[in-house]
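Notes for the one structure printed next.
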Amino acid sequence: MNVFPRLAVLCFFVLTIFSCRTDPATTTSTSTAAAEAVVTSRLRAEPTALNPLMTFQGIDLQVTRLIFQPLMEYDAYKLTLQPVLAKEMPTANYLKEGDKITGTRYDYEIKPDAVWENGQPVLAADYVFTLKYVMNPKLGGPTAAYRSALSAISEVTVDNNNPRKFSVTIAPFNFRGKYLTGGFPIVPEYLYDPKGLLKNVDVSDLLDSKKAAQLAETVPALQQFANEINTPEFTREKISGSGPYKLGEWTTGERLVTEKKKDWWGDTYAKTNGHFEAFPRQIIYLVIPDAVPVVAMLQNGTLDATSQIPNATFLELKENPNITENYNLLTPSNLVVSFVGINGNSPKLSDKRVRRALSYLMDTDEIIESVKLGMAEKIASLIPVQLPYYDKTLKPFSLNTEKAVALLEEAGWKDSNNNGIADKVINGKREELSLRYMFSAGSEISNDIAILFKNAAIKAGVEINVEAKERKAILTSVNSGDFDLYPSALSSDLNYYDFYSYWHSDGSRNFYGFGSAETDGIIEEIRTTTDDDRRNELYLKMQQIIAEENPVIFLYKTQDCVAIHKRFENARTTVKAPVYEENRFKLKD
Amino acid sequence: MIIRLLKKLGYFLPTLLIISLVAFFLSKMPSGDPVDNYLPPDGDLLNSQYEADYYEKQYIKFSRQLHLDLPLFYFSLQSAAWPDTFHRIVIPHKILVLDKLTGQYGNWPKVDGYYKSLEALESSFFHWPDSIAPDQRINFQRSLGLLKTAYQDEVILALQQQLNQALAATGQSYKEISAMHSISSDLLTYKESYQQLKASTNTSLLRTPALRWYGTDNQYHHWISGFITGDFGVSVRDRRPVFEKITEAAWWTLCINIMSILIAFGLSIPLGVFMANHANEEKAKRFNFFLFFLYSIPQFWMAMLLVIFLTTPQYGMNWFASVGLGSLAADAPFWSRFWERLSHLILPVFCTTYGAIAFISRQVRGAMLDVSERDYIRTAFAKGLSRESVVWKHTFRNALFPLITLIAVVFPATLAGSVVVEVIFNIPGMGRLLFDSLLGRDWPVVFMVLMIVTLLNIAGNLIADLLYTMADPRVEINKN
């Protein structure tokens, strides 16, 4: 029986040896990284595809934006369009038939010194190739969504004398056209089509949907290209563009390294254009799904930047001097607005006074304080406040039971049978004001909001039946109009907001029964006018109508919880995803 | 022995079949439409006509690619009212309405005719000129949209009434315009087809069962054939082969669990024997209490305490390497990476081990105490054998049974991984893969992990059975 003490001693010895920690992670990030400007940033999940034309995932785009470049992009801080690969911003040349504007032509020239990773110049041919790639009808998934957006492009003409010059025509006129033609990342033809499969396919044929459908049946090269590009070779291995960084090591589930290209062509533009700022030598992305390791890494300084820290954890971090000494803890807003959609097609909810009463019964102040722990802002419009045409005159609703009761009474809802729930005769039948509130099962925030709403609403005689359902079941109900109230969120970009899909009567996602000839007219005019002032006027008008009609109960605009190490200057946050740009992090002197 | 093995396999194969059926049918139930992963997310750039058309075509295309237009299983037993080709309909709202209407009226040809007349009305509606009564156009369209998902009689009648009113409100003169005329006539046809549907209710068919044979071209057959041939499918998140993802993750889980099992058994067996031999002594009792205490600490809590207290400088005990697997680059010297990774695995291995040590040693202690009271042990002592010899050669050998049972549990656990430990220590093993896949609704990965763990469970039981026979030949004799 001498085995146990011997084993115990051995175990103790082994543990002691390994416990003599060197913690290379700390070394890299704090001392080595400080000297060599390495940024260690967190990814909440493993990237799915590092091909920007095959993904919509924010995690993927956080990395691909360092590797690929578009012709133009919104500056993260100024929120205005800036040329990137384009030599300068294109002017809009309107095409006219008589007085009617039939389209717009944008003339581009690519920067003369722009090159791919192999040193070949970025040419108009690469733009044309990227378009052919996206417009290939054999590609599905995110590429298909890009395709439907880019289907607004009707023609591309390359200048015969200058291979960097080309014109892009959008017809009919599209108010989001400028960014549409230049906002997508350009990929190199030499790398993504080494066999030249799309070489003999004419881009103008692919831009014509009817011809494209014919080509899909008759040109096998399109299918071959789709088969090849859909493999991990082009989503994980051959990842290269004109941007400042190239893909280095990628260890699945652990980390992904991007390395600054030596003598990158864009460095000369860094002083005048923020898109070209690329200070760190390496940006190391660590895949860390859970918050516990994030907190540990922040405490020992092995992580430079992270977003999406859980709200409660973030508040604890703010109280921790060890963290606040080393990190800036920031709460930037994003472009997502949360609301509860109301089914205006339901007879109980078709009266705007009832919908308005419901808005008065949603205690958004309490929700922001107790559910979102202060990490949200009240809203009164679907348009994000950062956009120039946001209507600043609109006031968010606050809890007001008296007003709600008065509005309900005005709409004919009274508790005639003294059961605590308001009722009304609709189509000859007495109906109680009892509403279904569906939300995704498993969402704690949605559950808390639903309970708060239910408790506030019953005081005004509105019974809310909370139903936690599977997402699939909710979507089926919402699509078939079988719902009363359903929490949702809308994400915008910095381009002109398009009301069409959700708020036009023809909009396929108009689940709320919203829309009249007037609002449809406004939405269409927003899309067709070339006068920016007029468009802004229409935006304001539309927001006022939505505020008046109350097709939704506005909840809040979420704030992200971000920590960035104080050793960097320029480490600002932005409304644009991702909320910070690691390439612009510069070590303090 | 071989016959016994084959007999056992004979029991396990049906178990595997049943579990594969459960896994397959479960994989059909979770939230999230598998086709959605192939379709673009919600966008607001398109106009609805193009979009609706586009979505429907794409939906059908990807449904076919995923074999969702095939019957679920080799056969079906359902009411004869449904056609044997019902599975070919893949659009969710269409399935819902056609299913409900067939359930109500039991007359498939009429249900089909009704829906086709509705689709014809929708096609003609698209030609309603924008210039004519735009408000009524909106009302008409709204009711039409709701009709596509309506199946209750009163709802359908109310919506038909709204269609009539919207069309009537445009004014008689518009009927002279061909587009409006065809809408009007298609509306009439549609209403007639609904009346015909209601008039031709065939409830007898609803009560008639029909057994249908579909052959091997069914969803389950494709799925299980893939599993058997090693084609686990492709992840819906990143389109990578599921097999590749599982093998990558399995490496780290195997590393942690094999270390953990070796340490757990290596420590707990002598510990259990020690406690049994000194059962009445104070130090053994204290050990016993300590192990019981250790066993009752939840793993997630222990993991969090270890991470917060022992890997950060906040409490002055920054003794162990931080979470993750280290930061040395792939081209760093092998031994540097090896030691770095090993140092990062100490705490995760401890976390997966401490509970097992406590459990196994208490099992060994119990079994040893039980055996040590037997007559043959007293005989062994009476023969004058040394204490060490009696303990290890007689008592321990006979107390092996509970340990063998544990092997049946431990074997699948080597690959299953611990979600808690891997998530908190940020180790990209099977537990985290399962966790990430569940969050990302990556069902091909989730259900393949489930199948693999099931297989390992079966294999674990099989191995335990064989070990029983080896440890005690009476097991087989008694069986005979």
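Each chain gets a letter, A, B and so on, in the order the sequences are listed, and its residues count up from 1.
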I need the residue from [options] with the largest number of non-hydrogen atom pairs under 4.5 Å to chain B.
options	result
A:G248, A:A49, A:P232, A:G253	A:G253
A:T231, A:V292, A:D520, A:T252	A:T252
A:V294, A:V287, A:N322	A:V287

Evaluate the side-chain proximity of [Y] to [X]: yes if any heavy-atom separation is below 4.5 Å, no if none is.
X	Y	result
A:D290	B:N426	no
A:P289	B:D436	yes
A:N320	B:Q314	yes
A:M54	B:R239	no

With a 4.5 angstrom heavy-atom cut-off, could you sort out which part of [X] is near chain B: side chain, backbone, both or neither?
X	value
A:N345	side chain
A:N495	neither
A:P347	neither

| When rounded to the nearest 0.5 angstrom, what distance separates CD1 in A:I323 from OG1 in B:T312? | 8.5 Å

| message | Has A:N300 got a side-chain atom pairing as donor or acceptor with B:T311's backbone, closer than 3.5 angstrom? | response | yes

| Which portion of B:R432 sits near chain A, non-hydrogen atoms under 4.5 angstrom | side chain

| said: Is B:K148 close to chain A through its backbone or its side chain, or both, or neither, when contacts mean heavy atoms under 4.5 Å? | reply: neither

If you compare all heavy atoms of [X] against all heavy atoms of [Y], which two are closest, and at what distance to 0.1 Å?
X	Y	value
A:S505	B:Q141	O-OE1, 3.3 Å
B:I138	A:G515	CG2-O, 4.3 Å
A:A296	B:V307	CB-CG1, 3.3 Å

| remark: Ranked by heavy-atom pairs below 4.5 Å to chain A, first place among B:E248, B:H93, B:Q136 goes to B:E248

| said: For the interface with chain A, which of B:R237, B:R142, B:K61 has the highest count of heavy-atom pairs at distances below 4.5 Å? | reply: B:R142

| task | Applying salt bridge (Lys or Arg N to Asp or Glu O under 4.0 Å), run through A:E254 and B:R341 and close with a yes or a no. | result | CA-CA 12 Å; A:E254 281 184 63; B:R341 301 217 146 184; 2.8 Å; yes

| Should we count CZ of B:F300 as having more than 12 external heavy atoms under 6.0 Å? | no

